[in-house]
Amino acid sequence: AQSVTQLGSHVSVSEGALVLLRCNYSSSVPPYLFWYVQYPNQGLQLLLKYTSAATLVKGINGFEAEFKKSETSFHLTKPSAHMSDAAEYFCAVNHNTDKLIFGTGTRLQVFP
Amino acid sequence: GAVVSQHPSWVICKSGTSVKIECRSLDFQATTMFWYRQFPKQSLMLMATSNEGSKATYEQGVEKDKFLINHASLTLSTLTVTSAHPEDSSFYICSAREWRTGDGYTFGSGTRLTVV
């Protein structure tokens with residue numbers, strides 16, 4: 001069965017610092033992987049997705065993620081954090097089914 | 001881009017009453033819609049998958065008689081929480097899969113249900 005694990009339920013960074021949110025997946029075949037952002041009391045917004053094309057995926061708001069098969073990872077990064085990046089981030093996996101399986105989420109805090 | 005409208009954004013109801021939540025795809029046809037439940041500070045739990053014109057497929061542990069899902073058209077799915085109780089209070093989010101590309105999921109803005 002497919003699953004994703006997000007290491008670290010909370011990540012705190014200073015404004016301008018590198019953001020790294022970790023996601024590892026479990027799948028017997030190449031999966032489709034997604035990163036979503038959720039602001040309080042709102043739905044989810046897609047940041048980026050990997051669908052077996054380029055392994056380095058660029059998303060919105062300056063985020064990007066790299067698919068590493070050898071490490072079964074799909075970590076989300078941003079070179080320089082902004083205060084507006086503070087939110088909950090979810091990694092998700094989909095493989096040959098309609099279902100999206102979500103990780104437990106990582107809350108990003110950005111300090112001035 | 002694809003837009004999913006979810007209504008209402010919040011609702012308060014009395015125990016024992018029923019509440020209906022609507023999820024509409026505004027600019028695309030959604031063959032498949034999903035309903036999630038999210039508890040505070042937790043991840044999204046898939047409740048059910050609905051396909052237009054057929055019965056919803058519920059995840060294990062989700063009471064189908066309590067959470068009625070109807071997907072009567074390619075642009076509308078509804079979730080009805082029947083005989084609501086305080087433990088049903090939660091954040092409910094719908095998602096629609098875009099028919100043409102099939103690899104995109106668009107989420108509604110969610111509904112905060114409070115049962116008193």
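Proteins get letters first, then strands, A, B, ... in listed order; numbering begins at 1 in each.
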Can you tell which part of A:Gln45 gets under 4.5 Å to a heavy atom of chain B, answering side chain, backbone, both or neither? neither
Atom group of A:Leu46 that falls short of 4.5 Å from chain B, counting heavy atoms: neither
The single option from A:Leu76, A:Thr77, A:Val13 passing side-chain contact (heavy atoms from CB on, under 4.5 Å) against A:Leu20: A:Thr77
By salt bridge (charged side-chain N to carboxylate O under 4.0 Å, His left out), A:Lys68 pairs with (sequence neighbours left out) none
Contact class of B:Gln6 relative to chain A, heavy atoms under 4.5 angstrom: neither
Residues passing the salt bridge (charged side-chain N to carboxylate O under 4.0 Å, His left out) test with B:Glu59, sequence neighbours excluded, are A:Lys99
For A:Tyr36, which atoms come within 4.5 Å of any heavy atom of chain B: side chain, backbone, both, or neither? side chain
For B:Ala96 versus B:Ala30, what's the shortest heavy-atom pair and its separation? CB-CB, 3.6 Å
Geometric class of the A:Phe67/A:Tyr25 ring pair [parallel <30°, tilted 30-60°, perpendicular >60°]: parallel
Ranking A:Leu100, A:Asn41, A:Thr104 by heavy-atom pairs under 4.5 Å to chain B gives rank one to A:Leu100
Under 4.5 Å from any heavy atom of chain B - which part of A:Phe90: side chain
